Amino acid sequence: MVMELGEMGSFIKVWLTVFLSLCYCYTLPKFVPKGIPRLLCILPIVCLFLDLPLHLTSVHLGGTTGFFIAWLANFKLLLFAFGKGPLSSDPSISLARFIAFACLPIKIQQVQKHQNGSNKENPKKGQKSPVNYATKGLLLGLLLRVYDYSEHIHPKLLWVMYCFHIYFMLEIILVVVATVARAAMELELEQQFDEPYLASSLQDFWGRRWNTMVTSILRPSVYDPVLMAATRLVGRKWAPLPAVMGTFVVSAIMHELIFYYLGRMSPTWEVTWFFLLHGVCLVVEIAIKKAVSSRRFQLPRVISGPLTVAFVMATVFWLFLPALLRCKADVRAFEEYAAVGTFVKNIVGRVFISNLMKSTT
């Protein structure tokens with residue numbers, strides 16, 4: 001319990017530091033022009049945000065903080081240094097919104113302009129039904145109970161359960177953060193996942209369904225600059241290929257960093273190979289689509305969908321999960337669930353006893 005309280009104390013200190021750092025960044029446009037001067041002022045904050053997750057040891061607090069500030073916040077701040085990205089889209093942005101957009105995985109839902117001048121939200125990116133999230137929450141709770149019988153479950157089936165666990169946990173964490181931000185700022189925000197198991201291709205999976213918050217940050221910070229440079233070298237038609245590959249290289253590096261925060265172990269580069277493999281396969285897919293533009297050669301969705309999911313699952317088993325399990329993320333996560341459960345039981349027990357004593361006096 002002392003260690004848990006110590007971790008919570010460190011968590012509060014880390015996020016207080018994040019808050020103060022972003023307050024400093026918020027004032028920069030008033031005194032420092034965009035470009036190299038502002039970048040030089042922001043670089044110390046970027047380095048600080050890379051260090052802060054190292055002060056946390058738990059899987060959930062440390063991993064989430066690493067993703068939020070070392071990756072998302074840093075990329076947004078680097079874009080902000082040059083007057084780009086979500087932090088620069090509204091010059092009159094308030095401090096509260098600046099901090100929320102900087103360090104949280106949220107994005108304002110895009111509005112479509114119609115010919116009659118009216119605005120309409122993009123229905124494709126609308127919010128899912130609460131039943132959808134409740135179902136995934138129940139399935140996650142069921143998985144946690146099934147893990148009690150893991151010694152009787154085939155290891156490969158257990159790995160399948162881990163894949164669903166990761167997906168459910170990521171989506172629930174991100175939707176909780178987005179829900180709080182939406183309620184506090186009264187904004188409509190885009191969803192971060194769009195049922196990735198329904199993907200019809202790798203392009204559909206990575207570009208439109210899996211963790212779209214990362215996609216929306218990597219596009220202006222990596223994809224677009226590489227695309228612009230590649231257009232001069234190979235032309236507009238084939239420029240997306242090196243841009244996609246460059247995006248996956250950066251994503252691989254950032255995932256290696258997140259895995260280091262989780263395990264504090266030297267990288268084995270399996271995660272890097274996972275993303276490089278997917279980058280190469282996606283480049284091949286896009287190249288084929290560009291070379292053979294006729295719809296006659298497109299696989300039916302009933303075939304391409306299962307093939308896509310099977311390829312993703314197979315490569316996750318081969319390269320991604322072993323690296324995650326090597327840092328004992330599963331064991332530590334279960335210990336954290338047990339600690340939270342014990343804490344809640346103790347609180348509920350104390351409240352029940354206190355109410356019982358009051359009723360008898």
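Starting from 1, each residue takes its place in the sequence as its number. Keep in mind that this is a model prediction, so the values were computed, not measured.
- Across all their heavy atoms, Ile106 and Ala181 have their closest contact at CD1-CB, 3.9 Å.
- Distance check, rounded to the nearest 0.5 Å: OG of Ser216 to CG of Asn211 gives 8.5 Å.
- We find the CG-SG distance between Leu158 and Cys163 to be 10.5 Å, quoted to the nearest 0.5 Å.
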Name every donor-acceptor pair, under 3.5 Å, that has one atom in a side chain of residues 230-251 and the other anywhere in the protein, sequence neighbours excluded.
residue, atom, partner, partner atom, Å
Thr231, OG1, Leu227, O, 2.6
Thr247, OG1, Ala243, O, 2.8
Ser251, OG, His255, ND1, 3.3

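- Take Phe193 and apply the ring pair (Phe, Tyr, Trp, His ring centres under 6.0 Å) test, not counting sequence neighbours, and it matches Tyr167, Trp210.
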(request) Would you check, one step at a time, whether the test side-chain contact (heavy atoms from CB on, under 4.5 Å) holds for Cys23 with Leu95? (result) CA-CA 7 Å; Cys23 289; Leu95 175 61; 4.1 Å; yes
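- Not a single ring pair (Phe, Tyr, Trp, His ring centres under 6.0 Å) links Phe82 to another residue, sequence neighbours left out.
- In terms of heavy-atom proximity, Cys25 sits nearest to Pro29 at O-CD, 3.6 Å.
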Show which side-chain atoms of residues 13-22 pair as donor or acceptor with protein atoms under 3.5 Å away, not counting sequence neighbours.
residue, atom, partner, partner atom, Å
Trp15, NE1, Thr65, OG1, 3.2
Thr17, OG1, Lys13, O, 2.8
Ser21, OG, Thr17, O, 2.7

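- Under the rule for a side-chain hydrogen bond (donor to acceptor under 3.5 Å, both in side chains), Arg264 has no partner lying at least two apart in sequence or in another chain.
- Not a single salt bridge (charged side-chain N to carboxylate O under 4.0 Å, His left out) links Arg301 to another residue, sequence neighbours left out.
- Checked against the 6.0 Å centroid threshold, His278 and Phe205 do not count as a close aromatic pair.
- Looking only at distances, a side-chain donor or acceptor of Glu285 sits under 3.5 Å from a matching main-chain atom of Leu202.
- Of the possible donor and acceptor atoms, none in the side chain of Tyr162 sits under 3.5 Å from a partner among the backbone N and O of Leu325.
- Not a single donor-acceptor pair under 3.5 Å links the side chain of Arg219 to the backbone N or O of Asp224.
- Salt bridge status for Glu336 with Arg332: absent, with no side-chain N to carboxylate O gap under 4.0 Å.
- There is no side-chain donor-acceptor pair under 3.5 Å between Thr212 and Gln192.
- If you chain together hydrophobic residues whose side chains sit under 4.5 Å apart, Val180 and Met213 never meet in one group.
- In this view, Phe334 and Tyr147 satisfy the ring pair (Phe, Tyr, Trp, His ring centres under 6.0 Å) rule, not counting sequence neighbours.
- The cluster map of Ile, Leu, Val, Met, Phe, Trp and Tyr, joined by side-chain heavy atoms under 4.5 Å apart, puts Leu54 and Leu72 in the same cluster.
- The backbone N or O of Phe101 sits less than 3.5 Å from a side-chain atom of Lys76, completing a donor-acceptor pair.
- In this model, a donor atom of one side chain and an acceptor atom of the other lie less than 3.5 Å apart for Glu270 and Thr268.
- Residues Met265 and Leu56 are members of separate hydrophobic clusters, defined by side-chain heavy-atom contacts under 4.5 angstrom among Ile, Leu, Val, Met, Phe, Trp and Tyr.
- Pairing each heavy atom of Cys103 with each of Phe68, the nearest pair is O-CB, 3.3 Å.
- Distance check, rounded to the nearest 0.5 Å: CG of Leu79 to CD1 of Ile217 gives 6.5 Å.
- In the hydrophobic cluster analysis, where Ile, Leu, Val, Met, Phe, Trp and Tyr join through side-chain heavy atoms closer than 4.5 angstrom, Val131 is grouped apart from Leu140.
- Note that the CG atom of Asn74 and the SG atom of Cys47 stand 8.5 Å from one another [nearest 0.5 Å].
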(message) Using side-chain contact (heavy atoms from CB on, under 4.5 Å), reason through Leu324 and Asp330 one step at a time and then give a plain yes or no.
(response) CA-CA 8 Å; Leu324 188 65; Asp330 56 333; over 6 Å; no
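- Between Ser201 and Thr308, the shortest heavy-atom contact is CA-OG1, 3.3 Å.
- Applying the side chain to side chain contact (heavy atoms under 4.5 Å, CB included) test to Ala70 and every residue at least two apart in sequence or in another chain returns Leu50, Pro53, Leu257, Tyr261.
- By the side chain to side chain contact (heavy atoms under 4.5 Å, CB included) test, Lys156 pairs with His154, Trp159, sequence neighbours left out.
- Between Met161 and Ile153 the shortest side-chain heavy-atom distance falls below 4.5 Å.
- With rounding to the nearest 0.5 Å, the separation of CD1 in Ile166 from CG in Leu143 is 11.0 Å.
- Summarising the geometry, atom CG belonging to Leu87 is positioned 6.5 Å from atom CD1 belonging to Ile93; distances are rounded to the nearest 0.5 Å.
- Applying the side chain to side chain contact (heavy atoms under 4.5 Å, CB included) test to Leu139 and every residue at least two apart in sequence or in another chain returns Thr135, Phe168.
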(request) Take Leu218 and Phe75 through the test side-chain contact (heavy atoms from CB on, under 4.5 Å) and record every step on the way to the result. (result) CA-CA 8 Å; Leu218 288 177; Phe75 276 56; 3.8 Å; yes
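- Side-chain N or O atoms of Gln203 include none that pairs as donor or acceptor with a backbone N or O of Leu282 at under 3.5 Å.
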(message) side-chain contact (heavy atoms from CB on, under 4.5 Å), that's the test. Do Thr215 and Trp206 meet it? Break it down for me.
(response) CA-CA 8 Å; Thr215 303; Trp206 290 113; 6.0 Å; no
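- In this structure, the ring pair (Phe, Tyr, Trp, His ring centres under 6.0 Å) partners of Phe259, at least two apart in sequence or on a different chain, are Phe320.
- Side chains of Ile303 and Pro300 form a contact here, defined as non-hydrogen atoms less than 4.5 Å apart.
- With no hydrogens or angles considered, a side-chain donor-acceptor pair links Glu195 and Tyr197 at under 3.5 Å.
- One N or O on the side chain of Thr27 and one on the backbone of Tyr24 form a donor-acceptor pair closer than 3.5 Å.
- The two residues Ser89 and Pro91 make their nearest non-hydrogen contact at O-CD, 3.9 Å.
- The minimum heavy-atom distance between Glu256 and Pro267, with the atom names listed, is OE1-CB, 3.5 Å.
- Legend: residues meeting salt bridge (charged side-chain N to carboxylate O under 4.0 Å, His left out) with Arg145, ordered by chain and number and at least two apart, are Asp148.
- Taking the side chain as every heavy atom from C-beta outward, Glu171 and Tyr133 approach each other to under 4.5 Å.
- No chain of hydrophobic side-chain contacts below 4.5 Å, direct or via other Ile, Leu, Val, Met, Phe, Trp or Tyr residues, connects Tyr149 to Phe164.
- Note on Arg208 versus Asp194: no salt bridge recorded, every NZ/NE/NH1/NH2 to OD/OE distance being 4.0 Å or above.
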